[in-house]
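Beneath this line is the structure, given in structure tokens, with notes to follow.
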Amino acid sequence: MSLVSGPGRGGMTDLPEELRLFVDKHVSYIQSLDTRKDELEYWLTEHLRLNGLYWGLTALHLLGHPDALPRHEVVDFVLSCMHESGGFGAAPGHDAHMLYTVSGVQILATLDAFDDLEARVKSGRQRIGQYIADLQDPESGTFAGDEWQEKDTRFLYGALNALSLLGLLHLVNVDKAVEHVQSCANFDGGYGTSPGAESHAGQVFTCLGALTITGRLDLVDKDKLGAWLSERQLKNGGLNGRPEKKEDVCYSWWVLSSLAMLNKVHWIDGKKLASFILHCQDPELGGFADRPGDMVDVFHTVFGIAGLSLLKFPGLAEVDPVYCMPRVVTKRCLGQ
Amino acid sequence: MASHGITRVADSTVRSVESRQRELQQIAAYKDLVDIVNTKVAERWYTIEVLALVTKLLNENPEYYTIWNHRRRILGSLLSESLSGAPDSQKQKQPAEDLINSDLQLTFGLLRKFPKCYWIWNHRHWILQKAESLLDVTTARRLWLGELQLVSKMLHSDSRNFHAWNYRRFVVTQLERIPVSATPLPDATPSKQSLAESEFEYTTKMIKTNLSNFSAWHNRSRLIPRLLDEREADIATRRKMLDDELALICTAVNTDPFDQSIWYYHQFLMSTLSPDCPRQSRLALDLSNQDRQRYYEHEMEYIREILEDEEDCKWIYEALLHCASSYLDIDGGTKTFTTVDMRSWLDALKRLDPLRKGRWDELSRSLNL
């Protein structure tokens, strides 16, 4: 799966009056990504390959084309990224890291492939769970990304996301993790990367996600945070990530999913947001860009489509706002 | 990450034969470099020569996190060789300080080009912690002080870069942790120094340059309560600080009432007045409900004055409603405003801010308006 930008450019032709989602174009765009080995960008983005596969696969499932990528090839690739330690790297030969381990687990969950994992890697689930659990800092409750100890609420969320899908949350100190999330809260109701850091929509998503997974939304000042999140919507309908910043399609996900976790999607104008997202797609070559007229890529493609799914755009499968995965998948994994 | 804000200039599917050929050559050269680095590291060739190849590769692709890990593996080995007395005729030794300095240079250059790349910030963090564990206190302190300058440069080019702000807070924590001097100081001189005062001044400077810098306002909201504690401020000094900050933000509101950053700081100050505000976030510690009432009245009066010139500014109505509900929370009554006023502010919000209609409808229900 390549993360190479383009070839398309978002919103370059005038869309018909009634805004449409170009499903088939997006499907072929995602299918074409791994064929671009003659572009330098393909090689320069190898460190995102497993994330890219998760983004592409999730987009395809939401678009109603779950079989558009060959299942066995995807499973083979995912397992080829797994290390002895139980962690996953971005691609074969890349070091293990939380970010890719989470993507690996999400892909296996989406493909209902935990049994394939067990069949091919002895105690596979347990090993992945242990790799993640060992990255928790017993002092603060937060998580490191890998052995080099960078810490961030992104990794804490990722850990809880993957462990809950694997049914292994008991391997970590959940209360300590929740305490850490609490320590990242700010007066505006939002959360930062670490205690003292400025509220940021991406971090709000990770912290709210962590609190939802652990059943601790009671700790959130919902009105205050909902208000802050709703102010991310700008006149053109798009959402930004912090006060006085520009809109970007990826925040259609970070902000909207957070509002969904708070049951406050109706606090912004969904119609205007949907129209903004749709203006960022390339109607000819497929894919979504951050803003109309920019290069498309698979990262903005999945978050644009997932945002549309939260807005109940017709024809899309329901997305889980906590996991950014099809709701049927998380229901199955979480036994709901 | 992915491509943010990159405008497409030409269709890359239509490339000339020459440019295709050139790209294929670039790919081959890049893959060769990747292969050689990975092979050497797998064979544990932790040498200056391999380090140079790693540098070359990172300059081509600073997002390749595994290569940063390789760099740390090599440096870990070179640094311990450099500090061990054992002679090793096979290898050329480099002084630890040189190795550290060259990594600081490398990451500085890369950060200027890729200011939002997590892995570069992370490596800089690592090399400095390594330096501190290997060098004497004075040198380590000098290095961390240099970091404050670096981060000021980064914030000069992008005053909202949240990586840089995070790094700034981290550097400050390090400087506050390391003793000021390696030798014991005369009695009563603290060996560690808080930077809360100078950091507070820094936020003032940043805000004066650009009122819309919420990152600076945010940091200020974090620094002030700490500053007051460290000053061991008495009741009057604390009140004065609160009044000064309110005066500052009111001037800012008057300058640009449409700027969110300013209103959020105003919200912060107002939140510190609440009886529910935790001790560690408060400015004034001795507020009675009467005092609170006076503050709310004063704010509402001031904001209503601005309203006269800026009838279409939704933030004004929001702030008025905020103040009004805080006022009602402490049973202030409706001496300075009526429910009719509150209803008219809410109506203005619905009219001026249709995007958030759902929120205003819910607010009207919760306020019984």
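Convention: sequence-line order gives letters A, B, ...; per-chain numbering from 1.
Residue B/Glu63 holds its CD atom at 10.5 Å from OG1 of A/Thr45, rounded to the nearest 0.5 Å. The OG1 atom of B/Thr66 sits 9.5 Å away from atom NE2 of A/His97, with the distance rounded to the nearest 0.5 Å. Atom CG of A/Asp38 is separated from atom CD of B/Gln21 by 11.0 Å, given to the nearest 0.5 angstrom.
In this structure, the portion of B/Ser221 lying under 4.5 Å from any heavy atom of chain A is its side chain and not its backbone. If you measure heavy-atom distances from A/Lys271 to chain B, you find no contacts under 4.5 Å at all. Contacts of A/Asp223 with chain B are absent, with no heavy-atom separation under 4.5 Å from either backbone or side chain. Interface residue A/Leu234: only backbone heavy atoms are found under 4.5 Å from chain B. For B/Trp165, no part sits under 4.5 Å from any heavy atom of chain A, backbone or side chain. Contacts between B/Ser281 and chain A at a heavy-atom distance below 4.5 Å are absent for every atom of the residue. Heavy atoms of B/Arg73 lying under 4.5 Å from chain A belong to its backbone as well as its side chain. Only the side chain of A/Glu147 comes within contact range of chain B, with at least one heavy atom under 4.5 Å from a heavy atom of that chain. In this structure, chain B has a heavy atom under 4.5 Å from the side chain of A/Lys224, while its backbone stays farther away.
Two rings, from A/Phe187 and B/His218, have their centers 6.0 Å or more apart. Separation of the A/Tyr100 and B/Tyr65 ring centroids falls under the 6.0 Å cut-off.
Atom CD of A/Glu84 has 12 or fewer heavy atoms from other residues, nucleotides or ligands within 6.0 Å.
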Output, in order, the C-alpha distance, side-chain angles, deciding distance and verdict of side chain to side chain donor-acceptor pair (under 3.5 Å) for A/Ser230 and B/Arg359. CA-CA 8 Å; A/Ser230 75; B/Arg359 184 174 145 211; 2.9 Å; yes

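Comparing B/Phe214, B/Tyr264, B/Tyr64, B/Trp360 by how many heavy-atom pairs each has under 4.5 Å with chain A, the most go to B/Tyr264. Note: B/Arg356 leads B/Gln260, B/Arg356, B/Arg72 in heavy-atom pairs under 4.5 Å with chain A. Between chain A and the options B/Lys31, B/His123, B/Gln26, B/Gln267, the largest number of non-hydrogen pairs under 4.5 Å is found for B/Lys31. In terms of non-hydrogen atom pairs under 4.5 Å with chain B, the most contact-rich of A/His200, A/His266, A/Arg242, A/Lys264 is A/Arg242.
The only option from B/Arg160, B/Arg222, B/Arg169 that meets the side chain to side chain donor-acceptor pair (under 3.5 Å) definition with A/Glu198 turns out to be B/Arg160.
Side-chain N/O atoms of A/Trp148 and B/Asn122 include no donor and acceptor closer than 3.5 Å. Using a 3.5 Å distance cut-off with no hydrogens or angles, the side chains of A/Trp267 and B/Glu362 do pair a donor with an acceptor.
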